[in-house]
Amino acid sequence: MNYKNIKPFCLFLCLFMGISLFGQSTPTKNLNYLNQKPPSITPSIFAPNLISKKGEYEFGSVFNKNATEFFYGVNVNGKEEIRYSKLIGDQWSAPRTILSHEKYGYNDPFLSPDEQRLYFISQRTLDGLDKKEDYDIWYVKRLINGWSVPINAGSNINTNANEYYISFTNSGTIYFSSNKIGNNFDIYTSKFVNGKFQKATPLSDSINTPAYEADVFIDPDEKYIIFCGNRKDGLGRGDLYISFKRKDGTWKSAVNMGNRINTKGHELCPFVTKDGNYLFYTSNQDIYWVSTKVFDTYKNEK
């Protein structure tokens, strides 16, 4: 063996292996969630100056399961509309309005479990012509090049009162709020059977009280529920509350999520991403997000 050539050969071999290994182990850049830095258990504003902007009221946000599509509601000078951004290649598209009307507002978007329908609320009338009425739950169907015309969710969901916000379980059961009884908002649920929503029923008094309960998010596996409440133990105009389901299928009494989440202002529109990692919500007219590790704080509550 020619020992004079060992060192150059080894150097070449190590360099070659290093390049190969480096190429194999280089992580793919995570562009999900609009390429924003993930939050800790301390909430932070989501996508400041891109989504959460000064002079606008952003609320009702939802990602698809792959975190590559983002829908959210915006109120600008009293006009409510739904905006959308999508990951295309390695770039997110600029947010654009996809649902708007000169007469009726559209807000509180939420995707169906199969992501082929986008649900929302609106004061739109059934004929789409008359003056504003109460808020109903509507949806549009995903088409090849956009979305269908708005479709009313039907009389088993909607009433002559207001129906707010929407959330779904994996099986298609819908959770929402309504003030159809005594003008007080409570949370209701309806199963989706053979393509139709069944008659809605209210949740138990572990969740519903004589106070205000609305803007509900249900865990897709129904392990926990988060909603906006206005109660005596609240910190502001509206607080987020959380309840976990017991092994026997009943709900624990909902507890206030405390000053880590809630402020003297208004917290509403909760949404947890499909991967279970992040809680999104609106606070003082901006969208915030926080790690769901914060939930561990509340799991031992009765």
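Reckoned from all heavy atoms, side chains included, excluding hydrogens, waters and symmetry mates.
In this structure the side chain of Val294 reaches within 4.5 angstrom of the side chain of Tyr298, judged on heavy atoms. Between Leu34 and Phe63, some side-chain heavy-atom pair lies under the 4.5 Å cut-off. Between Thr159 and Ser178 the shortest side-chain heavy-atom distance falls below 4.5 Å. Under the 4.5 Å side-chain criterion, counting only non-hydrogen atoms from C-beta, Asn32 is in contact with Leu87. Using a 4.5 Å heavy-atom threshold, the side chains of Asn230 and Arg237 count as separate. Side-chain contact between Cys269 and Tyr281 is absent, with no heavy-atom pair separated by less than 4.5 Å. Using a 4.5 Å cut-off on side-chain heavy atoms (C-beta onward), Leu118 and Ile98 make contact. Using a 4.5 Å cut-off on side-chain heavy atoms (C-beta onward), Asn75 and Asn107 make no contact.
Rounding to the nearest 0.5 angstrom, the gap separating the CD atom in Gln285 from the OG atom in Ser52 is 11.5 Å. In this structure, the separation between CD1 on Ile218 and OG1 on Thr173 is 9.5 Å, given to the nearest 0.5 Å. Note: Gln36 CD to Ile51 CD1 = 8.0 Å, rounded to the nearest 0.5 Å. The structure places CG of Leu268 at 10.0 Å from CG of Asn284, a figure rounded to the nearest 0.5 Å. In this structure, CG on Leu240 lies 6.5 Å from SG on Cys228, to the nearest 0.5 angstrom. Note that OG1 of Thr125 and NZ of Lys103 are 6.5 Å apart. Values are rounded to the nearest 0.5 Å.
Residues Phe176 and Tyr165 keep their aromatic ring centres 6.0 Å or farther apart.
For the residue pair Gly234 and Asn256, the shortest heavy atom distance occurs at CA-ND2, 3.8 Å. Residue Leu279 comes nearest to Met257 through the heavy atom pair CD2-CE, 4.2 Å, listed as atom of the first residue, atom of the second, then distance. Across every non-hydrogen atom of Gly60 and Asp108, the tightest pair is CA-OD1, 4.1 Å. The minimum heavy-atom distance linking Glu81 with Ser100 is given by the pair OE1-OG, 3.8 Å. When all heavy atoms are compared, the tightest approach of Ile261 to Pro43 is CD1-CG, 4.0 Å. Across all non-hydrogen atoms, the minimal contact from Thr169 to Pro113 is O-CG, 3.4 Å.
Note: the hydrophobic cluster containing Leu99 also contains Ile166 (ILVMFWY, side chain heavy atoms under 4.5 Å, direct or indirect links). The same ILVMFWY cluster, assembled from side-chain heavy atoms under 4.5 Å apart, contains both Ile45 and Phe271. Criterion: ILVMFWY side-chain heavy atoms under 4.5 Å apart, direct or through other members. Under it, Leu111 and Val216 are not part of a common hydrophobic cluster.
A donor-acceptor pair shorter than 3.5 Å can be found between the side chains of Thr209 and Glu213. A donor-acceptor pair shorter than 3.5 Å cannot be found between the side chains of Asn160 and Asp134. Tyr241 and Asp233 are linked by a side-chain donor-acceptor pair at a separation below 3.5 angstrom, with hydrogens and angles left out of the test. For the residue pair Tyr33/Asn277, the side-chain donor-acceptor check at 3.5 Å is not satisfied.
Applying the side-chain hydrogen bond (donor to acceptor under 3.5 Å, both in side chains) test to every pair with at least one member in residues 135-149, sequence neighbours left out, gives these pairs: Glu69-Arg142, Glu80-Tyr135, Asp136-Asn152.
Considering Phe227, Phe185, Tyr175, Tyr212 as possible partners of Tyr164, the one that fulfils the ring pair (Phe, Tyr, Trp, His ring centres under 6.0 Å) test is Phe185. When each of Trp92, Tyr72, Phe71 is checked for a ring pair (Phe, Tyr, Trp, His ring centres under 6.0 Å) with Tyr84, only Phe71 meets the rule.
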Working for side chain to side chain contact (heavy atoms under 4.5 Å, CB included), residues Ile225 and Leu203 | CA-CA 11 Å; Ile225 187 171; Leu203 298 191; 3.6 Å; yes
Intermediate values then yes/no, salt bridge (charged side-chain N to carboxylate O under 4.0 Å, His left out), Asp296 and Lys293 | CA-CA 6 Å; Asp296 294 339; Lys293 291 179 180 178; over 6 Å; no
CA sep, side-chain torsions, deciding dist, call: Phe217, Val62, side chain to side chain contact (heavy atoms under 4.5 Å, CB included) | CA-CA 11 Å; Phe217 173 82; Val62 60; over 6 Å; no
Phe110 and Tyr119: CA distance, side-chain angles, deciding distance, ring pair (Phe, Tyr, Trp, His ring centres under 6.0 Å) verdict | CA-CA 5 Å; Phe110 203 93; Tyr119 283 78; 8.7 Å; no
May I have the step-by-step check of side chain to side chain contact (heavy atoms under 4.5 Å, CB included) for Asp219 and Val272, ending in yes or no?
-> CA-CA 8 Å; Asp219 168 61; Val272 176; over 6 Å; no
CA sep, side-chain torsions, deciding dist, call: Glu115, Lys274, salt bridge (charged side-chain N to carboxylate O under 4.0 Å, His left out) = CA-CA 12 Å; Glu115 302 189 345; Lys274 284 288 188 177; 5.9 Å; no
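Proximity of a side-chain donor or acceptor of Ser93 to a complementary backbone N or O of Lys86 within less than 3.5 Å is detected. Between the side chain of Asn259 and the main chain of Asn262, no donor-acceptor pair closer than 3.5 Å is present. For Glu267 (side chain) and Thr263 (main-chain N/O), a donor-acceptor pair under 3.5 Å exists by modelled atom type. A donor-acceptor pair under 3.5 Å links the side-chain atoms of Ser206 to the main chain of Trp251, judged by distance alone. In this structure, the side chain of Arg231 does not engage the main chain of Ala211 through any donor-acceptor pair within 3.5 Å. Formation of a donor-acceptor pair under 3.5 Å by the Asn162 side chain with backbone atoms of Asn179 is not found in this model. Side-chain N or O atoms of Asp286 include none that pairs as donor or acceptor with a backbone N or O of Glu58 at under 3.5 Å. Under a 3.5 Å cut-off, the side chain of Ser44 and the backbone N or O of Pro39 do not form any donor-acceptor pair. With Ser85 contributing its side chain and Phe70 its backbone, the two residues share no donor-acceptor pair below 3.5 Å. Trp289 places no side-chain N or O within donor-acceptor distance of the main-chain N or O of Ala47, the cut-off being under 3.5 Å.
Applying the ring-ring contact (aromatic ring centres under 6.0 Å, His included) criterion to Phe59, with sequence neighbours excluded, gives Tyr57. Considering only residues two or more places apart in sequence or on other chains, Tyr106 meets the ring-ring contact (aromatic ring centres under 6.0 Å, His included) condition with Phe120.
A cation-pi arrangement is absent between Lys223 and Phe295 under the rule of less than 6.0 angstrom and at most 45 degrees off the ring axis.
Around CG of Asn77, the count of heavy atoms belonging to other residues, nucleotides or ligands within 6.0 Å does not exceed 12. Taking a 6.0 Å sphere around CG of Asn194, one finds it holds 12 or fewer heavy atoms contributed by other residues, nucleotides or ligands.
No salt bridge links Glu163 with Lys180; every basic N to acidic carboxylate O contact stays at or beyond 4.0 Å.
In this structure, Tyr278 and Phe280 have perpendicular ring planes: the angle between them is above 60°, well past the 30° mark.
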